[in-house]
Amino acid sequence: VLVLVRSPLPRLRALLQRCWGRLERGLWPGVFGDHSLPLGPAVAVQGPALVPQGINGSGGSSAEAPRLLDSIVWMAAPKQRRTIEVNRCRRRHPTKLIEIKRNIDVCPECGNLKQKHVLCGYCYAKVKEETRLVRMEIHKKEGGPFNAPAVETVVLYEGEKPTEKDEGKRIIERARKRPSWFVQN
Amino acid sequence: SGAAWARGLLSWARPERWLASGSLFPLSCIHTSTSLQKIGKWEKKNRIVYPPQLPGEPRRPAEIYHCRREIKYSKDKMWYLAKLIKGMSIDQALAQLEFSDKKGAKVIKEVLLEAQEMAVRKHNVEFKSNLHIAESQTGRGRYVKRVRCHGKGMFGMMKISRCHYFVKLVEGPPPPPEPPRTGFEQAKEYVQQLRNRTLVHTL
């Protein structure tokens, strides 16, 4: 619940009173949408005493407030409290409930669950970790930024020799057995 | 309260009690149980022990009650997840929760896994997949009111809400879903209601 509380800042109070004064005097016709008539008090009485004061705000115009509210439509507000039954009908409507997903399968590689149109999370994490280690090796070899050579890279695992196809390519060694999912050329 | 405290201290330090127990610190005065935290009703449901079943009776399925308190989430938002998994088998529920984007889904998944583990270890459940969710509910936790600052020095009060989550797992396959009521059934019921009418206050 939002409760706006007036803080005791004098400048703020003065600003609000100026706005209120402008509203009453009809100097702010654009606030309430398209009303052809300018704003004014519903009852017009001759006499200087009823001219509303400006900044000094003599008596926050308690007499003007009801007249202003009578003449125009104020902001939209709920008229009645919504009962819990009505609230429940809205909150528990079938469109608002979570639908059950029918696109969940089992990954054939690792056996974890995966969505049909998405990569398996476990396998992706596995590949990501291996890539991170390969990148660390590359970083060690290069030694700094902007040192990437203009040749292809080949990753070789334990017990693997570079073939004749790999001539002229940069070779990165990884000290482990080749993972089953990383297929060699 | 100062006098009461002093009296309490002196009552603890009675010399005749020391001589009787033979030790310097009489153990009967010390609280051994964690009585500061109230044990909730849901946790106590796991403690009921049924009498042994007779040979002819059908086997009573195992029931496991588990809950998590003071989860930092709204009870209304959590309710949608609880409604999703009501009546599902535990595998299906875990699958649905794994791919749900909601914050409460992760929490409920942890609770279900904990409950499954408890079932296998303590409640004599043979197969961990042979469980289904009989009840899953949310409750209101402790709310805390805080100030939310707006512009121009205005402020509003916001409430930081927490919730509890309760789940009851029962051994066995999930019960088949109720078939939706057909028009024919409704018509039959209406005709039956008409036939049940009698004359009152007559001979």
Side-chain angles (χ1 to χ4, degrees), chain A residues 1-20 22 31 75 77 81-126, chain B residues 73-109 112-113 129 132-133 136-138 140 143-161 163 165 174 177 180:
Chain A
V1 171
L2 177 67
V3 169
L4 289 179
V5 175
R6 287 191 59 176
S7 60
L9 291 169
R11 268 181 289 174
L12 187 59
R13 184 189 271 165
L15 166 72
L16 286 171
Q17 278 170 343
R18 259 181 278 134
C19 291
W20 186 256
R22 275 203 215 121
V31 175
M75 303 280 283
R81 184 207 153 109
R82 280 161 151 181
T83 58
I84 185 65
E85 294 90 3
V86 166
N87 281 338
R88 276 197 197 122
C89 289
R90 184 186 67 253
R91 287 170 191 160
R92 297 184 184 190
H93 197 264
T95 42
K96 293 218 170 175
L97 300 178
I98 306 177
E99 289 174 5
I100 56 168
K101 295 192 159 104
R102 301 200 186 265
N103 54 356
I104 299 174
D105 266 335
V106 176
C107 171
E109 302 287 325
C110 59
N112 290 82
L113 297 164
K114 74 181 264 298
Q115 281 190 300
K116 284 181 190 163
H117 60 291
V118 180
L119 297 173
C120 167
Y122 186 78
C123 299
Y124 178 67
K126 217 167 40 173
Chain B
Y73 201 45
S74 158
K75 70 166 169 49
D76 298 310
K77 297 175 194 168
M78 189 69 115
W79 182 83
Y80 287 109
L81 289 160
K83 176 81 183 148
L84 175 72
I85 62 171
K86 245 181 233 179
M88 282 187 185
S89 68
I90 196 158
D91 291 331
Q92 198 190 356
L94 288 168
Q96 293 296 320
L97 293 169
E98 195 175 322
F99 297 106
S100 168
D101 297 320
K102 301 210 167 235
K103 174 171 152 182
K106 201 166 152 188
V107 174
I108 296 184
K109 197 168 159 205
L112 285 181
L113 289 169
S129 292
H132 69 270
I133 292 154
S136 90
Q137 274 298 338
T138 53
R140 175 193 186 279
Y143 288 0
V144 162
K145 287 197 189 161
R146 289 282 180 267
V147 166
R148 193 197 184 270
C149 304
H150 297 273
K152 294 191 182 174
M154 304 289 206
F155 65 92
M157 297 301 284
M158 70 169 165
K159 54 183 207 300
I160 295 184
S161 61
C163 63
Y165 178 68

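Per chain, numbering begins at 1; letters A, B, ... match sequence-line order.
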Greater than 12 external heavy atoms within 6.0 Å of A/Lys126's NZ: yes
Could you check whether atom OH of A/Tyr122 has more than 12 heavy atoms from other residues, nucleotides or ligands sitting under 6.0 Å from it? no
The reported gap from CH2 in B/Trp79 to CG in A/Leu97 (rounded to nearest 0.5 angstrom) is 5.5 Å
**Prompt:** Within a reach of under 6.0 Å around OH of A/Tyr124, are more than 12 heavy atoms found that belong to other residues, nucleotides or ligands?
**Reply:** no
Rounded to the nearest 0.5 Å, the CZ atom of B/Phe99 sits from the CG atom of A/Asn103 at a distance of 8.5 Å
Tightest non-hydrogen contact, residues B/Gln96 and A/Glu99, listed as OE1-O, 4.5 Å
If one checks every heavy atom of B/Leu81 against chain A at 4.5 Å, the contacting part turns out to be both
For A/Ile100 and B/Met88, the nearest pair of non-hydrogen atoms, with its separation, is CG2-CE, 3.5 Å
message = Within the supplied structure, the quantity of interest is the number of heavy atoms (other residues, nucleotides, ligands) at a distance under 6.0 Å from A/Arg92 CZ; does it exceed 12?
response = yes
So, the part of B/Lys159 with a heavy atom under 4.5 Å from chain A: the answer is neither
For B/Ala95 and A/Ile104 the tightest heavy-atom approach is O-CD1, 3.6 Å
Here the gap from B/Glu98 atom CD to A/Lys101 atom NZ, rounded to the nearest 0.5 Å, amounts to 11.0 Å
- prompt: Would you say A/Arg82 has more than 12 foreign heavy atoms packed within less than 6.0 Å of its CZ?
  reply: no
